[in-house]
Amino acid sequence: MAKYVFVTGGVVSGLGKGITASSIALLLKSRGYKVFMQKFDPYFNVDPGTMNPIQHGEVYVTYDGCETDLDLGHYERFIDEELNYSSNITSGKIYSNVIEKERRGEYLGSTVQMVPHITNEIKNKVFEAGISSGADIVITEIGGTVGDIESQPFIEALRQIQYELGTNDTFFIHCTLIPLLFGSDELKTKPTQNSVKDLRNMGITPNALVCRLPYKMDDKMRGKISLFCSVPKENIIDSVDVDNIYQIPINYYEQHIDEIILKQFGLPVKKADLKYWNDLIDTVNNLNGEVSIALVGKYIELHDAYLSVHEALIHAGYVYNKKVKVVWIDSESLEKGNTDLKETFKDIDGILVPGGFGSRGIEGKIVAINYARINNIPFLGICLGMQLAVIEFARNVCGIRDANSTEFAPTTKNPIIDLMADQKSIINMGGTLRLGNYECKIERGTLAYKDYKQTTILERHRHRYEFNNKYRELLEEKGMVFSGINEKANLVEIIELPNHKHFIACQFHPEFKSRPTKAHPLFMSFIKSSISNKK
Ligand code: GLN
């Protein structure tokens, strides 16, 4: 049976709970344990798929097609394990399951209530994750902060789990903030004490605290927190601000958090293998030189909206010991017609157009793609970025002036990008995109083949529209190569332009599979070409 670690947070949001959970999972994995991770999000959307990225950041997609919170991306990047549908549970999912069961008559006449029906549903999700993953240890992060109305049923469910399983099978970590007061220059423990008090009011005494602070606390302060919060001194972990997030697992390792957890679980403390991770930190601390990539999007005011793309670029930079400088360009700003493109892209070595939905900013993205194509600047297009690259080519090379996608121009006479028949009948927006892993066959002798070095790949998808095969022959005649195809449904997955230095775009999202220690082939070759393009 699996053991369960729960990670809660208090005082403020944005403390880095997801990174804490991931770091602890990484340490336990490095000691030879199979780990699985899960996040509970207390909001009522069934999944974040329908949310505006400006509110929520990017939607991360698992291999089995679950649209999830961006923390899942941190988890996968840190522990390098594929997570799944059991990994992200929202209040929306929990409540709709309960209501469906009620309608099916599964509660046999009882009054359906928060406790035990909602809490049982939550508990089942925890245990299901343990069973279906076959993990030794499941790490569950609870979104939001303790004390929020929405998170109460989750905390109550965890309390029941602790009561039922006992401390040998459960471990609670609470993340808090120790602020440094300006003026008196003092670290303050009261918010931490209050937040732990809130948690204890709900019946949970944490086994460990992870305290975010600007520098390590002294022994006196640790003693005070220990006394007020009933947490042993050695279980109070400093989470000092860092420049490089990969340092965090090592900082925790030095404070033995993984050993403390394993000892409570009565599990052997095997030797940790962290060489690969220390090598990564070395690489990151010793980068030599820079490469500038323009990321042309419409949500650039919130970088989290493109988190995985950003990370994938950075990872690819590590391979060549280069810092990737991401230059955020607002696609709408390119639409005005009076932008000096030469000036905008003056110091840019490569251009990336990421995924997106809706018509805002697309003409600006097309301007950027056109600029990359004509000026032989390395280009990588992702999902919407591929669709727009095809539209740009159809308009400006094939002379189809009104080429468009039916997503933005429903009545266009030249729907280069269109809905497949199976998508036309869909009414619900949530969960109905083409999601998760699909196979793609790669044509030998192409740039895609040079990058992947294999003819069959699996990549994750999240889109509704497809390239319209009616236009394939015409575009091929004019020099576009369709180098990746989903053969089962005859869908275009990768396009490229062989007469260009580096011009490639894909319908899937390669960024979700990039890891800091394992850069993605498409990003690697894009960064390599961009480096060689440096002025
Ligand atoms: N809006 C496009 C579609 O739905 C592209 C989606 C994306 O870029 N993720 O097909």
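We count ligands from 1, going down the list as the structure has it; atoms in each ligand are counted the same way.
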Problem - Smallest separation among heavy atoms of T145 and S13, with atom names - result: CG2-N, 3.9 Å
Problem - Polar contact flag, side-chain donor to acceptor under 3.5 angstrom, K501-N533 - result: yes
Handout entry: Every residue of the protein that comes under 4.0 Å of ligand 1, judged on heavy atoms
Key = G355, G356, F357, C383, L384, Q387, E407, R462, H463, R464, Y465, H509
Problem - Donor-acceptor pair between Y60 and E67 side chains, under 3.5 angstrom - result: no
Exercise for the section: List the steps, then state whether salt bridge (Lys or Arg N to Asp or Glu O under 4.0 Å) holds for K441 with E493. Expected result: CA-CA 9 Å; K441 286 275 183 239; E493 294 275 6; over 6 Å; no
Exercise for the section: Go through the structure and list residues passing side-chain hydrogen bond (donor to acceptor under 3.5 Å, both in side chains) with Q247, not counting sequence neighbours. Expected result: N251
Problem - R444 CZ: over 12 foreign heavy atoms closer than 6.0 Å - result: no
